[in-house]
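Please read these numbers as outputs of a predicted model, since none were measured by experiment.
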Amino acid sequence: MKKRIAVLLACCMVFGLTACGGGKETTAENKVYAVEAGSAGEEAAKEKGLQYNAVSSQADALMEVASGTSDAAIIDLLMAGAMIGEGTSYPDMIHTEELTTEKYGVGCRKGSDLASYINQIFAESYADGTMKTTAEKYGVQEALIEQKDTEYKATEDSDVEYIKDKGTLIVGVTDFEPMDYKEGDDWVGFDADMARLVAEKLGVEVQFVEIDWDSKIMELDSKNIDVVWNGMTLTDEVTSAMECTNAYCNNAQVVVENK
């Protein structure tokens, strides 16, 4: 008899907790999403009216989910492919929803002929297979966009000549695997390797500078960097403030959470 009463009491306690909100379901509306400040992920969260925490990088957004500080993260599909799932840094995370589809491009100063120069290198490297080989190295070959033949058109106030004269192509990046990330002291990744190829064609050294993504346009305009090359989504804000290359990779913003 005592055993039956104990079971009934336990059931009542569970029911009471559920009725008081202990079993409240987490939905898209009450979840908190971690996003990189100034990113396409933040734009997607704003557009959909989601609650979010803005952090300094997409890697930090994943750390927020792992620590339980945020319920989910909104990051690039290509980064999700490299960072979550079996054999990665976050094996217990999955991506559950694609919020947007988008394209990556490289950003130069407004009016800069460097964008035209990079477009020519894109076309040449796509035609001779270099771009595909580089993409295969980092697992992004399925995301590549075909590059059509194009010729470099110099401007009177040439950024290309400015870069050649100073002998360095300064590339603004963030830690964003598989596009730009560090192995020891070296920056590697699909974007990093393609930037090295452009520097080689220019006959200059390449220098990678880690930037605050929210300040990328200011960094360009002040000539602290020559180019933003870091899996940058071609949003209206970006294309209106920068001279952008042709799109070279497809991407999406995806929701990532624990299984």
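- In this structure, OG1 on Thr134 lies 11.0 Å from CG on Asp191, to the nearest 0.5 angstrom.
- For the salt bridge (Lys or Arg N to Asp or Glu O under 4.0 Å) test, residues two or more places apart in sequence or in another chain that qualify with Lys137 are Asp193.
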* Asked: Could you go step by step and tell me if Val198 and Trp229 meet the side-chain contact (heavy atoms from CB on, under 4.5 Å) rule?
  -> CA-CA 11 Å; Val198 169; Trp229 204 327; 3.5 Å; yes
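- A distance of 5.0 Å separates CG in Leu144 from SG in Cys249, rounded to the nearest 0.5 Å.
- Within a 6.0 Å sphere centred on CG of Asp236, other residues, nucleotides and ligands contribute 12 heavy atoms or fewer.
- Here SG of Cys108 is found 8.5 Å from CG of Asp226. Values are rounded to the nearest 0.5 Å.
- A pairwise comparison of heavy atoms in Ser56 and Glu36 identifies O-OE2, 3.7 Å as the closest pair.
- Judged as a ring-ring contact (aromatic ring centres under 6.0 Å, His included), and not counting sequence neighbours, Phe176 has no contacts.
- The heavy-atom pair separating Tyr90 from Leu62 by the smallest distance is CE1-CB, 3.8 Å.
- The aromatic rings of Phe122 and Tyr248 sit tilted, their planes meeting at an angle between 30° and 60°.
- Taking a 6.0 Å sphere around NZ of Lys148, one finds it holds 12 or fewer heavy atoms contributed by other residues, nucleotides or ligands.
- The main-chain N or O of Glu219 is never found under 3.5 Å from a side-chain atom of Asn224 such that the two would form a donor-acceptor pair.
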* **Steps toward side-chain contact (heavy atoms from CB on, under 4.5 Å) verdict (Lys201, Gln120)** => CA-CA 11 Å; Lys201 298 288 186 181; Gln120 179 176 295; over 6 Å; no
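- For Asn251 (side chain) and Asp76 (main-chain N/O), no donor-acceptor pair under 3.5 Å exists by modelled atom type.
- Under the rule for a ring-ring contact (aromatic ring centres under 6.0 Å, His included), the partners of Tyr117 that lie at least two apart in sequence or sit in another chain are Tyr152.
- Using a 4.5 Å cut-off between side-chain heavy atoms of Ile, Leu, Val, Met, Phe, Trp and Tyr, with links allowed through other members, Leu220 and Ile163 fall into different hydrophobic clusters.
- Two different hydrophobic clusters hold Ile225 and Tyr181 under the rule that ILVMFWY side chains link at heavy-atom gaps under 4.5 Å.
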* Kindly determine whether Met242 and Met232 satisfy side-chain contact (heavy atoms from CB on, under 4.5 Å), including the steps that lead there. => CA-CA 11 Å; Met242 301 183 193; Met232 183 179 69; 3.8 Å; yes
Scan the side chains in residues 153-162 for donor-acceptor partners under 3.5 Å anywhere in the protein, sequence neighbours excluded, and list what turns up.
residue: Thr155; atom: OG1; partner: Asp157; partner atom: O; Å: 3.4
residue: Ser158; atom: OG; partner: Asp113; partner atom: OD2; Å: 2.7
residue: Ser158; atom: OG; partner: Val160; partner atom: N; Å: 3.2
residue: Ser158; atom: OG; partner: Glu161; partner atom: N; Å: 3.1
residue: Asp159; atom: OD1; partner: Arg109; partner atom: NH2; Å: 3.4
residue: Asp159; atom: OD2; partner: Arg109; partner atom: NE; Å: 3.3
residue: Asp159; atom: OD2; partner: Arg109; partner atom: NH2; Å: 3.3
residue: Asp159; atom: OD2; partner: Ser112; partner atom: OG; Å: 2.8

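- Atom OG1 of residue Thr101 and atom NZ of residue Lys103 lie 7.5 Å apart, to the nearest 0.5 angstrom.
- Using modelled atom types, one finds a donor on one side chain and an acceptor on the other under 3.5 Å when comparing Glu64 with Ser70.
- The backbone N or O of Gly41 sits less than 3.5 Å from a side-chain atom of Ser39, completing a donor-acceptor pair.
- Residues forming a side-chain contact (heavy atoms from CB on, under 4.5 Å) with Ala45 (at least two apart in sequence, or on another chain): Val35, Leu50, Tyr52, Ile74.
- In this structure, the separation between CD on Glu43 and OG1 on Thr233 is 8.5 Å, given to the nearest 0.5 Å.
- Every side-chain contact (heavy atoms from CB on, under 4.5 Å) that Ser125 has, sequence neighbours left out, goes to Asp128, Thr130, Met131, Met194, Leu197.
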* Would you please test Tyr33 and Asn53 for side-chain contact (heavy atoms from CB on, under 4.5 Å) and show each step? => CA-CA 6 Å; Tyr33 297 81; Asn53 289 328; over 6 Å; no
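- Residue Met83 is not grouped with residue Val55 when hydrophobic side chains (ILVMFWY) are merged at heavy-atom distances under 4.5 angstrom, including chains of intermediate members.
- For Glu243, the salt bridge (Lys or Arg N to Asp or Glu O under 4.0 Å) criterion is met by no residue, not counting sequence neighbours.
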With a 3.5 Å cut-off and sequence neighbours excluded, list the donor-acceptor pairs that the side chains of residues 203-216 form with protein atoms.
residue: Asp212; atom: OD1; partner: Asp214; partner atom: N; Å: 3.0
residue: Lys216; atom: NZ; partner: Trp213; partner atom: O; Å: 3.2

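- Under the 4.5 Å side-chain heavy-atom criterion for ILVMFWY residues, no single connected hydrophobic cluster contains both Val227 and Val238.
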* To do: Apply the test salt bridge (charged side-chain N to carboxylate O under 4.0 Å, His left out) to residues Asp186 and Arg196: give CA-CA distance (whole Å), side-chain angles for both, the deciding distance (0.1 Å), then the verdict.
  => CA-CA 12 Å; Asp186 297 325; Arg196 282 192 179 88; 5.5 Å; no
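- Within the 4.5 Å cutoff, the side chain of Leu234 has no heavy atoms near those of the Tyr104 side chain.
- The closest side-chain heavy-atom distance from Thr174 to Ser57 is not below 4.5 Å.
- Between Val256 and Ala80 the shortest heavy-atom distance is CG2-CB, 4.3 Å.
- Among all heavy-atom pairs drawn from Ala73 and Val65, the shortest one is N-CG2, 3.5 Å.
- Looking at Glu257 and Lys31, their side chains come closer than 4.5 Å, going by heavy atoms from C-beta outward.
- Here the CG atom belonging to Asp71 is positioned 8.5 Å from the CD atom belonging to Gln51, to the nearest 0.5 angstrom.
- With sequence neighbours excluded, no residue forms a salt bridge (Lys or Arg N to Asp or Glu O under 4.0 Å) with Lys46.
- Leu169 and Trp187 fall within the same hydrophobic cluster, defined by Ile, Leu, Val, Met, Phe, Trp and Tyr side-chain heavy atoms under 4.5 Å apart, directly or through other members.
- Considering all non-hydrogen atoms of both residues, Ile94 and Ile84 come closest at C-CD1, 3.6 Å.
- Residues passing the side-chain contact (heavy atoms from CB on, under 4.5 Å) test with Glu86: none are found, sequence neighbours excluded.
- Under the side-chain contact (heavy atoms from CB on, under 4.5 Å) criterion, Asn246 pairs with Asn119, Gln147, not counting sequence neighbours.
- Residue-environment remark: CD (Glu237) stays at or below the threshold of 12 foreign heavy atoms within 6.0 Å.
- Taking all atoms of both residues into account, the shortest heavy-atom contact from Asn250 to Leu78 is O-CD1, 4.0 Å.
- With sequence neighbours left out, Thr69 forms a side-chain hydrogen bond (donor to acceptor under 3.5 Å, both in side chains) with Ser67.
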